[in-house]
Student: 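One structure, as structure tokens, below. Some questions next.
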Amino acid sequence: QVQLVESGGGLAQAGGSLRLSCAFPGRTFSAYAIGWFRQGPGKDREFVAGITRLGAGTSYADSAKGRFNISRDNAKGMVYLQMNSLKPEDTAVYYCAADALLAAVQRNPQYWGQGTQVTVSS
């Protein structure tokens, strides 16, 4: 059962940018830490970035540091992943996920979205 809703995926050229959005309808949004994961072709799903409930803390995979930025707007019930300097190896299905704490999101989040495809052409 889909719990979170992602949007913003699509096709980008290498060096370009995309912004992904994640909503968690019907929930008290600020009660959840949110993370982004991705699964590329033939690869395991991996953690990309995460943000604490009120946005004070963030965490990034090494592959995302310096290029991606996670943020949230609790008033709008949205989390964003701004992806810059995209590379072909960023091609993947991107999922957002939620749990009470960021540490739980990074380990094994309770709630998942159905994913949005990001394709980066060289």
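All figures in this text were calculated on a predicted structure; none of them were measured in a lab.
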Student: Give a yes or no on whether the backbone of Val93 and the side-chain of Arg45 come within a donor-acceptor separation of less than 3.5 Å.
Tutor: no
Student: Would the distance check show the side chain of Gln117 and the main-chain N or O of Gly10 forming a donor-acceptor pair, the cut-off being under 3.5 Å?
Tutor: no
Student: Counting distance only, does the side-chain N/O of Asn84 pair as donor-acceptor with the main-chain N or O of Ser17 below 3.5 Å?
Tutor: no
Student: Is the shortest distance from a Lys or Arg side-chain nitrogen in Lys87 or Asp90 to a carboxylate oxygen in the other one below 4.0 Å?
Tutor: no
Student: Any side-chain to backbone donor/acceptor pair from Gln82 onto Asn69? Under 3.5 Å, distance only.
Tutor: no
Student: Have Ser59 and Gln106 got a donor and an acceptor in their side chains that come within less than 3.5 Å?
Tutor: yes
Student: Side-chain contact test, heavy atoms from C-beta onward, threshold under 4.5 Å: evaluate it for Ser7 versus Leu20 and give yes or no.
Tutor: no
Student: Quick one: does Trp36's side chain get under 4.5 Å of Val79's, heavy atoms only?
Tutor: yes
Student: Hey, is the main chain of Ile70 close enough, under 3.5 Å, to the side chain of Tyr60 for a donor-acceptor pair?
Tutor: yes
Student: Which atom pair, heavy atoms only, marks the closest approach of Ala33 to Val105?
Tutor: O-CG2, 3.4 Å
Student: Would you sort out whether Phe68 and Leu86 count as a side chain to side chain contact (heavy atoms under 4.5 Å, CB included), showing the intermediate values?
Tutor: CA-CA 9 Å; Phe68 294 3; Leu86 284 164; 4.1 Å; yes
Student: Please report the closest heavy-atom contact between Tyr32 and Ala98, naming both atoms and the distance.
Tutor: CB-CB, 4.1 Å
Student: Which heavy atom of Ala61 sits nearest to which heavy atom of Phe47, and what is that distance?
Tutor: CB-O, 3.3 Å
Student: Does the Asn74 side chain pair with the main chain of Arg53, one donor and one acceptor, at a distance under 3.5 Å?
Tutor: yes
Student: Please confirm whether the backbone N or O of Tyr111 pairs with a side-chain atom of Gln3, one donor and one acceptor, at under 3.5 Å?
Tutor: no
Student: Is it the case that over 12 heavy atoms from other parts of the model lie below 6.0 angstrom from the CD atom of Gln13?
Tutor: no
Student: Decide side chain to side chain contact (heavy atoms under 4.5 Å, CB included) for Phe37 and Trp112; before the verdict, give the C-alpha distance in whole Å, the side-chain angles of both, and the deciding distance to 0.1 Å.
Tutor: CA-CA 10 Å; Phe37 292 75; Trp112 289 90; 3.7 Å; yes
Student: Evaluate Leu18 against Val120 for side chain to side chain contact (heavy atoms under 4.5 Å, CB included), listing each step before the verdict.
Tutor: CA-CA 10 Å; Leu18 283 173; Val120 183; 5.8 Å; no
Student: We want to know whether Arg38 and Tyr94 form a side-chain donor-acceptor pair, criterion being a heavy-atom distance below 3.5 angstrom.
Tutor: yes
Student: Leu4 and Ile34: which non-hydrogen atoms are nearest, and at how many Å?
Tutor: CD2-CD1, 4.2 Å
Student: Do Met78 and Tyr95 belong to the same hydrophobic cluster, where Ile, Leu, Val, Met, Phe, Trp and Tyr are linked whenever their side-chain heavy atoms lie under 4.5 Å apart, directly or via other members?
Tutor: no
Student: Determine, using the 4.5 Å side-chain heavy-atom cutoff (strictly less than), whether Leu81 and Val118 are members of one ILVMFWY cluster.
Tutor: yes
Student: For the atom pair CZ (Arg67) and OG (Ser85), what is the distance rounded to the nearest 0.5 Å?
Tutor: 7.0 Å
Student: Check the hydrophobic clustering (I, L, V, M, F, W, Y; side-chain heavy atoms under 4.5 Å; chains of links allowed) and say if Tyr80 and Ile51 are grouped together.
Tutor: no
Student: Thr52 and Thr58: side chain to side chain contact (heavy atoms under 4.5 Å, CB included), yes or no, with the steps?
Tutor: CA-CA 6 Å; Thr52 54; Thr58 57; over 6 Å; no
Student: Please confirm whether the backbone N or O of Thr119 pairs with a side-chain atom of Thr91, one donor and one acceptor, at under 3.5 Å?
Tutor: no
